[in-house]
Amino acid sequence: MHINEEVIQQKINALFLKNSLPVSSILRLPQQGSNRIYYRVYSNETSYIVTFGDNVKENQAFHHFSDHFHKKGLAVPRVHDRSDDGLIYFQEDFG
């Protein structure tokens, strides 16, 4: 997967601004065994986990399961929002 890091970070900033969350820093996390790229993003002294994944159907399945488990009261990170193209989403940071 060829990724332009600058474009991803611009998309992250746009997604957070859409949610009225100013980004103070973006830290790329070590990649481990999948094509997804994870970031820890800080905004207003709160951290979030942002995922970039180029498989939109896989991202949609994750959103569906996450929403379902969250509604059942299970301890899963809540997905806050997704980019319009389905490639990026951000969720609570449990770590």
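Here the structure is a predicted model, which is why all the values come from computation and not from measurement.
Through direct or indirect side-chain contacts shorter than 4.5 Å among Ile, Leu, Val, Met, Phe, Trp and Tyr, F65 is connected to F69, L74, V76. Listed by chain and number, the hydrophobic cluster partners of F62 are V79, Y89, where partners are ILVMFWY side chains within reach of under 4.5 Å, directly or through others.
Here H80 pairs with Y48, R78, F90, E92 under the side chain to side chain contact (heavy atoms under 4.5 Å, CB included) rule; sequence neighbours left out. Evaluation of the salt bridge (Lys or Arg N to Asp or Glu O under 4.0 Å) rule for E58 yields R36 as partners, not counting sequence neighbours. Qualifying side-chain hydrogen bond (donor to acceptor under 3.5 Å, both in side chains) partners for S47, counting only residues two or more places apart in sequence or in other chains: D93.
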Open item on the list: Before you tell me yes or no, could you show the steps for L87 and V56 under side chain to side chain contact (heavy atoms under 4.5 Å, CB included), namely the whole-Å CA-CA distance, both residues' side-chain angles and the distance that decides it to 0.1 Å?
Closed with: CA-CA 6 Å; L87 297 175; V56 174; 3.7 Å; yes
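No chain of hydrophobic side-chain contacts below 4.5 Å, direct or via other Ile, Leu, Val, Met, Phe, Trp or Tyr residues, connects F52 to L29. Hydrophobic cluster membership is shared by I37 and I26, with clusters built from Ile, Leu, Val, Met, Phe, Trp and Tyr side chains linked at under 4.5 angstrom.
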Exercise answer: donor-acceptor pairs, residues 7-23 side-chain atoms, under 3.5 Å, sequence neighbours excluded:
residue : atom : partner : partner atom : Å
Q9      : NE2  : E5      : OE2          : 3.4
Q10     : NE2  : E6      : OE2          : 3.4
K11     : NZ   : D85     : OD2          : 2.5
N13     : ND2  : Q9      : O            : 3.1
K18     : NZ   : D81     : OD2          : 3.2
N19     : ND2  : L15     : O            : 2.8
N19     : ND2  : D81     : OD2          : 2.8

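Between the NE2 atom in H70 and the NE2 atom in H63 there is a gap of 14.0 Å [rounded to 0.5 Å].
Counting heavy atoms from C-beta outward, R40 and V50 have side chains that stay 4.5 Å or more apart.
The minimum heavy-atom distance linking S24 with S43 is given by the pair OG-N, 4.0 Å.
Sorted by first and then second residue, the salt bridge (charged side-chain N to carboxylate O under 4.0 Å, His left out) pairs with a member in residues 65-75 read D67-R82; sequence neighbours excluded.
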